[in-house]
Amino acid sequence: MKLLLAALLSGLGLAWGWDVYNAVPSDAHPWWVARQELLYLSGVLAIGLMSLATYLASRPVWLETPLGGMDRVYRTHKWAGILGGSFAILHWLVEMSDDILKSSIGRSGRVPKEQFGNVLDRLRDLAEDLGEWGFYIVIALIVLTLWQRFPYRPWRFLHRAMPVIYLALAFHAVLLAPPDYWTQPLGLLLAPLVAAGCYGALRALLANIGRERRVSGKVAEIEPLGSDLLRVRCQLDADWPGHRAGQFALVTFDESEGPHPFTIASADRGDGSIDFCIKALGDYTRRLRATLAVGAPLTVEGPYGRFDLARRRAQARQLWVAGGIGVTPFLAWLEAQRKAAEPVQAELHYCTRDRSNDPLVDRLQALCAGLPGIRLQIHGAAQGETLDATRLLAGGETKADVWFCGPAGLGQALRQGLHGAGLRFHQEAFQMR
């Protein structure tokens, strides 16, 4: 993610610098010229990042391999949008700085305004107005995205307006960019970016994102596990392509609610049946116990993700770490290992609040019972059993793969504790907002 965003920012910045370097000298005051170029640079970076964010929202499967999974595609989408919005704020602040310059150095040294004729000038005025209103809405969406306490459902409703807002901002950028950009390296970068962003926006407006990967089915079985956990077995139509243990899918139980991502908690059985373990973490998942019924229709889109044991290194010690509901991909892994010709040797660490009252502990122990190569360790916080990097590395081997799925705080603590140990740390960035 960081490499892609850095490459995009560097490429756009260098292309903008090339245009500035080759620009015809102006008689305008240097401060007015600097303001104009900073206005252009901030606008270029804003629309470039927003174009990337809008394209990534279309869930391009071909990017799963280079980015490491659809969870990371969405994380890149999120931060591209946030960075794009930040540069949009800078763009707006630079635009508002003209009053400061007028009062300090006067109007006489301003950069001359280009004239294109009545029709194009009116379109440019419209683009300027659309850009201003689009900016205000984008800022509101960024604030609500970062404010995690804001309810998901109204956020999702507001987020649906983003494709329209993006198209307005793209119109603003294309009409107000200097014409010579489109014959410079900057245009060679901007044009495909804006085209990709428009493609993503139109797919969203037509509601066909992921349509080719959607499969219908029904709820086959519902099993309450404790007070806040639900196991749901789904029977999917024959179009389901199967999945690899560790992948996730976007599940729609209620069309008005839309799809939600859940990790598949079972191995591929070859009969179209898959399990989900759903924890009551929000308003929607809390309502499922009361609203979901056997036989209810559903839609599953996927599978997605690269949390795949096939990516492990040969001869590397395998350390699997699950926290809470993050155990779901490991349930699928264990089920798959029971059918594997050569089961993997691994240590599975399960971190839970209270091991004595966790309904998944029995399930884990049953799955591991037939797998002598899996060493299961349960860490119950209520029992004073916490997991840290020192305990995880008790085996002493330096070549190890750590696979983590669970709370971000625990993952960050382990990653920091393992820093410099020469390990590979695989972590699902399972956050779609």
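Side chains are part of it too, since the values below use all heavy atoms of this structure and drop only hydrogens, waters and symmetry mates.
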### Query
Do any pairs count as a side-chain hydrogen bond (donor to acceptor under 3.5 Å, both in side chains) and have a residue in residues 43-54, sequence neighbours left out, and if so which ones?
S51-Y166

### Query
What pairs meet the side-chain hydrogen bond (donor to acceptor under 3.5 Å, both in side chains) rule with one or both residues in residues 83-93, with sequence neighbours excluded?
S42-H91

Might you confirm whether atom [atom1] of [X] has over 12 heavy atoms from other residues, nucleotides or ligands at distances under 6.0 Å?
| X | atom1 | value |
| --- | --- | --- |
| L206 | CG | yes |
| R375 | CZ | no |
| R415 | CZ | yes |
| W182 | CH2 | yes |
| E212 | CD | yes |
| R214 | CZ | yes |

### Verdict with reasoning, T291 to R287, per side chain to side chain donor-acceptor pair (under 3.5 Å)
CA-CA 6 Å; T291 58; R287 292 195 305 267; 5.9 Å; no

### Task
Verify whether the ring centers belonging to W16 and Y40 lie closer than 6.0 Å.
no

### Ring centres under 6.0 angstrom apart (F307, F330)
yes

### Task
Scan T352, D358, D354 and name whichever one has a side chain to side chain donor-acceptor pair (under 3.5 Å) with S356.
D354

### Task
Give the ring-plane orientation class for H379 versus H349, where under 30° counts as parallel, over 60° as perpendicular and anything between as tilted.
parallel

Check this for me, if you would: do [X] and [Y] make a salt bridge, where the nitrogen-to-carboxylate-oxygen distance has to be below 4.0 angstrom?
| X | Y | answer |
| --- | --- | --- |
| E95 | R35 | yes |
| E301 | R59 | yes |
| R391 | E385 | no |
| D401 | R313 | yes |
| R72 | E64 | no |
| R231 | D275 | yes |

I'd like to know if the side chain of [X] reaches the main chain of [Y], judged simply by a donor and an acceptor atom lying under 3.5 Å from each other, with no hydrogens or angles considered.
| X | Y | answer |
| --- | --- | --- |
| E347 | V321 | no |
| H77 | A53 | yes |
| Q337 | V344 | yes |
| K339 | A267 | no |
| R363 | P359 | no |
| Q247 | G305 | yes |
| D237 | D239 | no |
| R353 | G380 | no |

### Query
Is R213 positioned over the aromatic face of Y304, cation under 6.0 angstrom from the ring centre and no more than 45 degrees off axis?
yes

#### Entry: Residue among I264, T299, I274 satisfying side chain to side chain contact (heavy atoms under 4.5 Å, CB included) with C234
I274

## Note on the structure
Given the options L334, L376, V402, W320 meets side chain to side chain contact (heavy atoms under 4.5 Å, CB included) only with L334

### Message
Using side-chain heavy atoms (C-beta onward) and a distance below 4.5 Å, is L63 in contact with Y55?
### Response
yes

### Query
Does a side-chain heavy-atom distance below 4.5 Å link F404 with F425?
yes

### Message
Applying side chain to side chain contact (heavy atoms under 4.5 Å, CB included) to L56 and Y74, what does each step give before you reach the verdict?
### Response
CA-CA 7 Å; L56 293 180; Y74 259 79; over 6 Å; no

### Spacing of CG belonging to L167 relative to CE belonging to M162, to within rounding of 0.5 Å
9.5 Å

